[in-house]
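Note that ligands are numbered from 1 as they come in the structure, with each ligand's atoms numbered from 1 the same way.
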Amino acid sequence: MTIEKMTPIDEGFWTKPVNADEEIQLIGSKCSECGELFFPEKNKNWCIHCYKSALKKVLFSRKGKIATFSVVMQKPAGGFYHGGAPYCYGCIDIEDGIRIKSLISTDDYDSLKLGMDVELVIEKLWDDKDGNEVSTFKFKPV
Ligand SMILES: [Zn+2]
């Protein structure tokens, strides 16, 4: 994937790389009163856990473990009609202590295991009509 043509599926999920060597991180919020973590970043400043206005922007670790996953054998419907099947979707426990729902990147679905170490990657979903690579975050076994 080339950075110049990379178009995030939505803004604000991850940091924008300035060069190809820069590591991308997911962007979230942390409550400085109770420590609650949120992904994606909340656009309101108040914490839904403790009701204090104390949220700060944070960047999450790129590493985590698979908490749960499903391999989906049916092509996605609706707004995700560009995708193919099979694909894998699950929950990742990020090192920072938050569980994030994510696609899981693999070609070897039988090798996936609960607790498996994974790392953040950005991958192309499809090419749009202008030749941009519409991309999203996923977690990939390491
Ligand atoms: Zn809080």
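With rounding to the nearest 0.5 Å, the separation of CG in Leu55 from CD in Glu36 is 9.5 Å. Between Cys47 atom SG and Phe38 atom CZ the span is 4.0 Å, to the nearest 0.5 Å.
Only protein N, O or S atoms were scored, and 4 of them lie under 2.8 Å from the Zn ion (ligand 1).
For residues 90-105, the pairs satisfying side chain to side chain donor-acceptor pair (under 3.5 Å) are Ser61-Glu95, Asp93-Arg99, Ser105-Glu123, with sequence neighbours left out.
For Phe60 and Phe137, the ring centers are positioned 6.0 Å apart or more.
Remark: Lys16 pairs with Glu11 by the salt bridge (charged side-chain N to carboxylate O under 4.0 Å, His left out) rule, at least two apart or across chains. In this view, Lys57 and Ile27, Glu41 satisfy the side chain to side chain contact (heavy atoms under 4.5 Å, CB included) rule, not counting sequence neighbours.
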